[in-house]
Every structure is written in structure tokens, then in C-alpha cells.
Amino acid sequence: MEIDLTPQLAKKVCGGNGGSYYAWSPSELPMLRHGNIGAAKLALEKNGFSVPSYCDSSIVAYVLQGNGVAGIVLPESEEKVIAVKKGDAIALPFGVVTWWHNKEDTELVVLFLGDTSKAHKAGEFTNFFLTGSNGIFTGFSTEFVGRAWDLEEKDVKTLVGSQSGKGIVKLDGKINLPEPKQDHRKGMALNCEEAPLDVDIKNGGRVVVLNTKNLPLVGEVGLGADLVRLDGSAMCSPGFSCDSALQVTYIVRGSGRVQVVGPDGRRVLETTIKAGNLFIVPRFFVVSKIADPDGMEWFSIITTPNPVFTHLAGSSSVWKALSPTVLQAAFNVDSGVEQLFRSKRTSDAIFFPPPK
């Protein structure tokens, strides 16, 4: 598989004084197209407003920074208005209309990762804005819009033509958008920084897994996700997705090293990764990471709602399940070396603290 796996940073696609939209391009990160994965970021300044829109892909959104408000309208449902903050994960199935608003001084930054297998372009999101100079209704004639909305031509021109912004605008503070409702968050969002830990290894790392149990909407999206926080100089065990899923990883904080190994024992990636990088691990390839002294945090989606991983180190690894004589034959070593190998990593940890 001769595909460049080099981690990449997002590039600005559009924006104005209300904020900007960034995306990763399949031309620079070929695994996006190969794996039918889209990746983008929305950054809203104070009073920035991303007008109502829908996307041609199912998506998991993750709030990287700041606090804000999101409006979500599922097909044939009422609007849900929720407060969002750093660490929130939100599953957005096909056909969902969303808007985003930031009224705080701190920039609101939201990561979008999703499945583009049914999208217009493999490896890219296409957003359809309902208003603005590039909105859907600018393409219809005033006759069609007037008939649809039961409005006179002058009123149609006012509604369709008044918003000159494209996608992201800055509000002047005269409009009071809906206040979020706590009960609207139920089933819509999960804060990965506050959720119960699925894995917690002292001096190693912590994991929160997003699945159909704690956020049922990921079943409709068809994606799983996790937030991993690796302590300084700790290692994440070599492992692979054993259910034919791709791993799409965004480095939220810190830095470290990553190695990916594919068929024939060939190391296909060895590099330093840092905050803002995105990279994709192909199906069945084995990946391992080691954090720099300040630690590393990443958010990943997996292209199945309830992913299963096989680890190649630790007591729960496949090595410990195999018979001693099988290991001796496979490694071509004697029983003493096999016993030494088996005696190490006796815990079921998937994170290993740095050597003492």
C-alpha cells in the first residue's frame, strides 16, 4: 500500500471577521480519499455565527476550545439548543441542520470528523448553507421561492438578499439567539473530559470511549470515537482495529512520536506528531505512540460505532493467549526466553509508564 500517511495540518478554506473554516485536503492527505473520511475545523470569534447548514456526510463533532451554543435540528424534529464547551462530542447523522454561535471572548473551535462514503466528493465535506450569499435559496428564482414560502416578490428579495455573508458572519449583538436548554443535551452530547473513564492507568494514560451506550446517536452516524490522554513519556501499546475499521486521529494537545507498521513488517510511518496534526491508520495496520515529557492528548474516530481492538503487549494481548510452545516455535527461541517474555507486562494495561 503506497499511500503517504504523513500527518497534516488543516488549511483555511474561507472566513471573515466572524471566524474561519479549515479543512484537510485529500490531495495532501491521500488516506482521506482512500478511506472516505472527511476532516474540518470551525473557528468562531466573539459574536461569530455559523448560519444554519447541513452536510453531505455523517459526522462526529468535538469541541477543541471555548464555550458556545449549537442549534441542532434532526429530520422532522424540533430544534435542540445546547450549550457546548471544550471536551463535548456531538454525533450528527445525515440530514441534520446545525448552527453555531460564540458569544465569549475565547475563540470557539470545533473539530468535524466524518464518513464521506455517500458524499459528493470522497474525502471532503460539502456544506449546504440555508442562507447567505451562497445559500440554497439564492439559486432559486423569486417565483419559486415566493410560491414555496407564500410571499410576495419584494419580501422574497428582502429575505434572500439581506444576508451578504458566506457561511460565517459576525452578529452585532442586537439579536438574542435562543438560550440553551439543559434537557436538550440528553442524548445529543457527551463531555469526554467529564465522562467516566474506560481505562485509567497510573502514570500511563486515560481513555473515554464514545459508543452506542453513552451516546446512542453514534449508531446512526456509524462511527465510534475516543479521547485518549497519555501521560508524559508514556507509551500506548502497539495495536490494531480487528474489525476492519480505520482510525482517524487528531492531536489535541502536546506532542510525541508515532510508528505504524503494515504488511511484511514494513514500517510505513515514523514521525513526530504535534497539536493540530491529523493522521489516519489504514485497516489492520499496527500503530503505537510515545508521548513527549509534557504528555499528549488525541481525539479519534473509528469507522464503526462499537470498535474492537487487539493489543500486542500487556496481559490481555494475543501473545499471552498463545500457548508457550507456539511462541517458542514462532520466535524460534528456547523456553527460557519464552518465559522471560511471558513474565513481562503482566497487567492488562494498554498504556505503559516511562522506564524508571
Is the closest basic N to carboxylate O distance between R185 and D88 below 4.0 Å? yes
Provide the full list of side chain to side chain donor-acceptor pair (under 3.5 Å) pairs with a residue in residues 317-337, sequence neighbours left out, each pair given once. none
Holding to salt bridge (Lys or Arg N to Asp or Glu O under 4.0 Å), I want the full list of residues that pass it with R206, two or more places apart in sequence or in another chain. D231
Keeping to residues at least two apart or across chains, list the ring pair (Phe, Tyr, Trp, His ring centres under 6.0 Å) pairs with something in residues 231-275. W24-Y250
Give me the other members of the hydrophobic cluster that I302 sits in, counting Ile, Leu, Val, Met, Phe, Trp and Tyr linked by side-chain heavy atoms under 4.5 Å, directly or via other members. F309
Tell me whether K85 is salt-bridged to E194, with the criterion being a basic N under 4.0 Å from an acidic carboxylate O. yes
Assess, by modelled atom type and distance only, whether the side chains of D292 and S255 contain a donor and an acceptor separated by less than 3.5 Å. yes
Hydrophobic cluster partners of F140 (side-chain heavy atoms under 4.5 Å): Y54, V73, V97, F128, L130, I136, F137, F144, V145, W149, L151, V156, L159, V160
Residues in salt bridge (Lys or Arg N to Asp or Glu O under 4.0 Å) contact with K157, at least two apart in sequence or another chain: E153
Qualifying residues under salt bridge (Lys or Arg N to Asp or Glu O under 4.0 Å), relative to D105, sequence neighbours excluded: K46
Identify whether V261 and L5 are in the same connected component of the hydrophobic contact network (ILVMFWY, side-chain heavy atoms under 4.5 Å). no
If hydrophobic residues (ILVMFWY) are linked whenever their side-chain heavy atoms come closer than 4.5 Å, directly or via other members, who joins L9 in its cluster? none
Keeping to residues at least two apart or across chains, list the side chain to side chain donor-acceptor pair (under 3.5 Å) pairs with something in residues 172-184. none
Would you mind listing the cluster partners of V96? Hydrophobic ones only (ILVMFWY), side-chain contacts under 4.5 Å, chaining allowed. V13, Y21, L42, L44, I59, V63, I72, L74, I82, V84, I90, L92, W100, L108, V110, F112, F125, I168, M188, L217
Those residues that, when tested against E45, pass side-chain hydrogen bond (donor to acceptor under 3.5 Å, both in side chains) (two or more places apart): none
Quick one: side chain to side chain donor-acceptor pair (under 3.5 Å) pairs with a partner in residues 208-217, sequence neighbours left out? T212-N306
